[in-house]
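This report refers to the structure that appears directly beneath it.
Proteins come first, then strands; the chains are lettered A, B, ... in the order of their sequence lines, and each starts at number 1.
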Amino acid sequence: MNLLAAPATAARSLLGQLLVRGDVTLRITEVEAYGGPADSASHARHGRTARNAPMWGPPGRAYLYFCYGMHWMLNVVTGPEGEALAVLIRSAEVLTGLDTVLRRRKATQATPTLCAGPGKVAQALGLDRTFDGHDLLAPGGLELRDGPSPERIVAGPRLGIGFATAEDQARPWRFADGDSRAVLQRKALAPT
DNA sequence: CGCCGGATTTAA
DNA sequence: TAAATCCGGCGA
């Protein structure tokens, strides 16, 4: 885990790390880096607002936002305080607490895609606005812990950012565990 | 103050 | 391929 590094490095370092809440442990398998005010795909692109306030705070905090009227998205704030760098957690594997995850996800059985997608990750952890700004490095609530990094990492352009400039859309800031099945759209990813 | 559209998911 | 569903940010 190297949260103070540049966007892409910080994002890569989060692969394999663990998200723990209660009995549930998720292993992060896919992430996307967001580069602050200069990144036209970032929520920080219009400067500091009430919604994106946690992004501007210290690294290791959560930034949660509501999207498409129904999904919560979990980000880990990275970089030095004030730079508004963040990493979106896009997918994960369930290590513990499968029953709890199945209940929250309204699923009946574990599949590789159970937590593949940012909305699914937040739902699996039972997250909502009350976790916005939460310190992920402190005990209690939702925690980010060290786990083994993947052996192979694949990278590609970020998803769902058609509104950004062509240059920012092309940035290969989406990273995934090359050996995990819990990653959608694998074809868009290539070895690093 | 009203409109536009989104870092998505799901089912048809 | 489209509907679900809501709020943030911008322009008027």
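Of the candidates B/dT8, B/dT10, B/dA7, the closest approach to any side-chain atom of A/M73 belongs to B/dT8. If you check B/dA7, C/dG9, B/dT9 against the side chain of A/H71, the one that comes closest is B/dT9. The side chain of A/R129 has C/dC7 as its nearest neighbour among C/dC7, C/dC10, C/dA4. The side chain of A/S42 approaches B/dA7 more closely than any other nucleotide in the set C/dC7, B/dA7, C/dG9. Side-chain proximity of A/P118 to B/dT10, C/dG9, B/dT9: nearest is B/dT9.
Distance, A/H46 NE2 to C/dC7 P: 19 Å, rounded to whole Å. Note: CG (A/L64) to P (C/dC7) measures 15 Å, nearest angstrom. Atom pair A/M70:CE and C/dA4:C1' shows a separation of 4 Å (rounding to whole Å applied). The separation between A/W72 atom CH2 and B/dT8 atom P is 15 Å, rounded to whole Å. The separation between A/F163 atom CZ and C/dG9 atom P is 12 Å, rounded to whole Å. Between the C1' atom of B/dG5 and the CZ atom of A/R45 lies a distance of 10 Å, rounded to the nearest Å.
Nucleic acid contact for A/R105: sugar-phosphate only, since backbone atoms but no base atoms lie under 4.0 Å from a heavy atom of the residue.
Taking the six-membered ring for Trp and thresholds of 30 and 60 degrees, A/F66 and A/W72 have ring planes inclined between 30 and 60 degrees apart.
No hydrogens or angles were tested; on distance alone, nothing pairs the side chain of A/Y68 with the base of C/dA4 as donor and acceptor under 3.5 Å.
Residues A/F66 and A/A116 each lie close to DNA chain B; by heavy-atom proximity, the contact nearer the 5' end of the strand is made by A/F66.
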Dot-bracket for DNA chain C, 5' to 3', Watson-Crick and G-U pairs with both distances under 3.5 Å, [ ] for crossing pairs, | for partner on another strand, reads ||||.||||||.
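A cation-pi contact, defined as under 6.0 Å to the ring centre and within 45° of the axis, is absent between A/R158 and A/F175.
The aromatic ring of A/Y65 does not stack onto the base of B/dA7, failing the criterion of a centre distance under 5.5 Å from the six-membered base ring together with planes under 30° apart.
Annotation: proximity of residues 75-103 of chain A to DNA chain B (heavy atom, distance under 4.0 Å) is found for A/N75, A/L88, A/R90, numbered in ascending order.
The phosphate of B/dA7 has OP1 or OP2 within less than 4.0 Å of a side-chain N or O from A/H43.
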